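Working notes, beginning with the structure itself.
Computed from a prediction, not measured in an experiment: that's the story for all the values here. Every chain is numbered from 1, with letters handed out A, B, ... down the list of sequences.
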Amino acid sequence: MKLEEYKKIVNKNSGKEDKFKNVFISFIIGGFMGLLCQMFCTFLNKEIGIKIEDASMYTTIMLIVVSSIFTGFGFFDKVVSFAKCGLIVPTTGFAHAMTSAAMDHKSEGIIKGIGSNMFKLAGSIIIYGIIVAFFLALIKGVI
Amino acid sequence: MIYLSAFIICGTICAIGQIILENSNFTPGHLNTILVVVGATLSFFGLYEPIINWGGAGATIPITNFGHLLFKGAYEGFINEGFTGLIKSLFTLGQVGVTVSIIMSFLVAVCTKPKH
């Protein structure tokens, strides 16, 4: 069978997901994530008296801790398959990628499994962030 | 009022990510890498700081903020100490998320059994 025919058959039979609905769901879920985090941030700032920058730092830490623990219990994947980008784009997705990579390779041992595979999915985020930030800062600083 | 703008900003970034995912065959890993690069680029043009001032936590929790923090740390270091400062302080602001993620994912991976 030719490749083009195969592609046609795949396109015909793969289920059509409603694109607009997915975008709408991610907008709503992502929006509520932002809203909740803003409430948490304001709470830390007003009630406890932490500086606003530190408060947003603690908000990020809270998100990472919560999503790592949820990934450990195994129901973060189900939530992501419903919420889509609403949970991938916030820092939860980053923590989820690292935790699930570490959990998947746990059977290979602590050093060769967890240690060397932890950044398997999330490594590209850090690497390209550093490369781009380094060169852009160099350019802006020199100019 | 800040709650509404946080909702709009975070929702918009997530919706843009979903649009990119729908119209290409990228994985979430590709998407997050692109968004970090976009965040650093926005920060390069000085556009990300106003977004944070307007959207509050809605702009600091998406992964774009990681790129912004990396760029901000590197640029502030460059202003203070030149090239030495750039290398020394590229990670100073952005390392919080990475540190906590490493510790948490290690603890979770050690303490749990993966289900198959």
Just verifying a value: how many Å separate [X] [atom1] and [Y] [atom2], rounded to the nearest 0.5 Å?
X       : Y       : atom1 : atom2 : result
A/Ile29 : B/Cys10 : CD1   : SG    : 11.0 Å
B/Ile19 : A/Cys85 : CD1   : SG    : 9.5 Å
A/Gln38 : B/Ser5  : CD    : OG    : 7.0 Å
A/Glu53 : B/Leu93 : CD    : CG    : 9.5 Å
A/Leu35 : B/Ile8  : CG    : CD1   : 11.0 Å

Report task. Flag the one option from A/Thr60, A/Ile114, A/Ile110, A/Thr59 with the top tally of heavy-atom pairs under 4.5 Å to chain B. Result -> A/Ile114
Report summary line: Of A/Phe24, A/Phe27, A/Phe32, the largest count of non-hydrogen pairs under 4.5 angstrom with chain B goes to A/Phe27
Side chain, backbone, both or neither: which part of [X] has a heavy atom under 4.5 Å from chain A?
X        : result
B/Ile2   : both
B/Val96  : side chain
B/Tyr3   : both
B/Ile79  : neither
B/Phe106 : both
B/Thr41  : both
B/Leu86  : side chain
B/Ile9   : neither

Query - Sole candidate of B/Ile63, B/Asn32, B/Thr27 that passes side-chain contact (heavy atoms from CB on, under 4.5 Å) when paired with A/Ile88 - result: B/Asn32
Query raised in the report: When A/Met98 is tested against each of B/Val108, B/Val98, B/Ile102 for side-chain contact (heavy atoms from CB on, under 4.5 Å), which residue passes?
Result: B/Ile102
Is it possible for you to say whether [X] and [Y] belong to one hydrophobic cluster, with membership spreading through side-chain heavy-atom contacts below 4.5 Å?
X       : Y       : value
B/Phe66 : B/Ile51 : yes
A/Val66 : A/Leu36 : no
A/Met62 : A/Met39 : no
B/Phe7  : A/Phe40 : no

Where on [X] is there a heavy atom nearer than 4.5 Å to chain B: the side chain, the backbone, both, or neither?
X        : value
A/Ile69  : both
A/Met33  : both
A/Ser100 : neither
A/Ala97  : neither

Per-pair distances, 0.1 Å, donor-acceptor, side chain in residues 121-143 of chain A, under 3.5 Å, sequence neighbours excluded:
from	atom 1	to	atom 2	distance (Å)
A/Ser124	OG	B/Thr33	OG1	3.1
A/Lys140	NZ	B/Phe44	O	3.0

Query raised in the report: Relative to chain A, which of B/Phe71, B/Phe91, B/Phe83 shows the most heavy atom pairs under 4.5 Å?
Result: B/Phe71
Report task. For each of B/Leu90, B/Leu70, B/Thr64, B/Ile61, tally heavy-atom pairs with chain A at distances under 4.5 Å, and name the one with the top tally. Result -> B/Ile61
**Report entry** Heavy-atom neighbours of A/Ile111 CD1 exceed 12 at 6.0 Å
**Finding:** no
Query raised in the report: Counting only N and O atoms by type, is there a donor-acceptor contact under 3.5 Å from the side chain of A/Ser56 to the main-chain atoms of B/Ala57?
Result: no
**Report entry** Any side-chain heavy-atom pair of B/Cys14 and A/Pro90 under 4.5 Å
**Finding:** yes
Query - Derivation and outcome, side-chain contact (heavy atoms from CB on, under 4.5 Å), residues B/Leu35 and A/Val89 - result: CA-CA 8 Å; B/Leu35 284 178; A/Val89 171; 3.7 Å; yes
Report task. Give every residue pair that meets the ring-ring contact (aromatic ring centres under 6.0 Å, His included) criterion with at least one member in residues 86-126 of chain A, sequence neighbours excluded. Result -> A/Phe76-A/His96
